[in-house]
Amino acid sequence: MSERFGLAGLALRMTVRAPLKLFATGFLLVLVSFLLASVVLLRSGIEEATARGAKRLGADLMVVPRGAEVPLGAGLFGGVPVRFSLPEGIERSIVAMPGVRQVAPQYFLSSAPASCCEAGNLLLVGFDPSRDFTVLPWLSPVVRLKEGKESILVGGSVMKAPGAAMRFYNHTFTVAARLEKSGMGYFDNAVFIPLDGVSVMERSSKGGGGVSLRVPWGYPSILLVRLAPSVIPQDMASLLERQHPGIKVLTIPGLFRENRLRMEKLARGQLPLAAAAWLFAVLAGGALQFLYWREHRPSLGLLHSFGCGKGVIMLLFGAEAFILSLAGMVAGSAGAFFVLRLFASYFAVTAGMPLLIGGLDLALSGLPWLWLVFAGTMAVEAVIIMFLLLRREPADLLRGV
Amino acid sequence: MRVELQHVCKSYPLPGGGGTVSALDGVNLVIERGTLCVLNGPSGSGKTTLLSVIGGLSRPTSGSVTLDDKEVRNSSDRQRGTVAHAFQEAVFIPELTVMENLLLPALRCRDHFPIDRGERLLEAFGLAEMFDLFPAALSGGEKRRLNLARALFLSPSLLLIDEPAAYLDDGWQRKAMEMIIREVCDAQATLVMATHTPLPGDEGFRRILMHKGRVIEDGSSDY
């Protein structure tokens, strides 16, 4: 460091050369900001994933077997393999309904934890490319499923690049494309196989002594329904449920409503935690600063005796606390971002909720206000501490009284 | 710098709130610019308190203290920077090196930062090899010398030194006094030193004897 220094240089030296104070304060700030940032990132991540998931499903209604709502949630939000089937004839009946524009059936299967499969317990979704409006429209225009029975699509969290081979039930597929991450387990952790491929896979499973796959043809797991613009989804859902007692018809907002309620409950639980963390940081940080400066009263008296007024000293160490807090907040927030991003899938599966931690810029866009408020609080606190200490005469401070 | 004290009293509250103790009791004193002055008296006579009050580090309970006809309490921060103190117990900022501690008085002087003078002073006080050490690594005598060097650093108009001979061996006492007197005379500054022991080279100084917070004798040194 240069021998010539001003007040800012002095503050910098006194900060970086007091490693215990720096470590204790830094650790506290990083820890608390990690907690606070996690709360903000989780909330925004769930909101983003919910919005993106709803948009990507592209349907007005989702038809599932009655009683399958719970496993459906695990499959949709967590990407957990689930299996259930709709009653016979439902698909034909709904297609024929006036006001129904498009129906896309999907079969939920799971890979077997055996040598016949690339990986066990993966959600395999059989879909009909000719009627699909949920998976294919979200692919880049240059990616198209090749004709034939070999092409599959993988979710954003499945670590397979386009062109890679994946083997399920003794049949080897080629990954045609990987979907962009959505934060919904259904899109991120699943493997989407065209129905032709499912059929071939089923036949392959019968030979070679592997685990046999049985597909309930004609009994899809879910139907995704698009309605004419004039039809009110809620009315159509009620009508379909009345006509077919064995099914549950979910509107897409309704599908995510429970999710939103859980999210709000989670947020309500997080707020007291965040407030407690905030209070703890302010009190513990303040106590640390107070104890440190109380011990270093002679340094303050010395500065005062060399012509630094009380206002200058308060401003100086207020600014020091602000910069230190800001640095701690940024570090803690970055830590929270990387941990959440790394374990987002795990959290989503565990909590049964969609979660999308986007890019660093997007994820941290909501945080600067938090940093500023927190750092501002710490700066004000430092100024108050200085004010309390500097009430004593410089001569007393110099003597450590 | 001219120093004038009128009816200056200073009392401290006793611990536990049981009344006050008087450290200065109606001190009247005029020290003209360029005066070399020694405050004598036994421990507890008020010498250190008087230095603190003159330097603006302690506010008198009553009375007035003026430096060049300006009340100390009203003087600007920069003016207070022209008054240098060498405290009885050497006080340093532990996170700063020897050189940085020496440069502290120049902290607020953006246009005047004489680093080369700092180097010369460190050399003169036998600390040239220690400029990048931290104060904790210095002995008592070295800290004392650094304390004195720092007080001289900006060639102050008023130099207040508390027990200049403390922690110094005979050789360094003499050498330090020579340097202090030379610097003060060159700058035509005012020097006030508080001590309870005779100092080498203070013959001819104005001698102020204190006892129980009062000036009981004011005249020339006759050691």
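Chain letters run A, B, ... following the sequence lines, proteins first and then strands; every chain starts at 1.
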### Message
Quick check on Leu300(A) against chain B: is it the side chain, the backbone, both or neither that has a heavy atom closer than 4.5 Å?
### Response
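Neither part.
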### Heavy-atom proximity to chain B below 4.5 Å, by part of Leu398(A)
both
### Message
Taking CZ in Phe27(A) as the centre, count heavy atoms belonging to other residues, nucleotides or ligands within less than 6.0 Å. Is the count above 12?
### Response
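It does not: Phe27(A) CZ has 12 such atoms or fewer within range.
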### Task
Just say parallel, tilted or perpendicular for the rings of Trp172(B) and Phe125(B), cut-offs at 30° and 60°.
parallel
### Query
So Trp293(A) and His296(A), would you call those rings parallel, tilted or perpendicular, with 30° and 60° as cut-offs?
perpendicular
### The single option from Val83(B), Asp68(B), Ile31(B) passing side-chain contact (heavy atoms from CB on, under 4.5 Å) against Thr190(B)
Ile31(B)
### Task
I would like to know whether His304(A) and Glu393(A) meet side chain to side chain donor-acceptor pair (under 3.5 Å); could you show each step before the answer?
CA-CA 9 Å; His304(A) 205 22; Glu393(A) 292 189 324; over 6 Å; no
#### Entry: Region of Phe92(B) that comes under 4.5 Å of a non-hydrogen atom in chain A
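Phe92(B) touches chain A through backbone heavy atoms alone.
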### Task
Let me know if Thr48(B) has heavy atoms under 4.5 Å from chain A in its side chain, its backbone, both or neither.
neither
### Query
Picking from Pro94(B), Ser58(B), Ser52(B), which has the most non-hydrogen pairs under 4.5 angstrom with chain A?
Ser58(B)
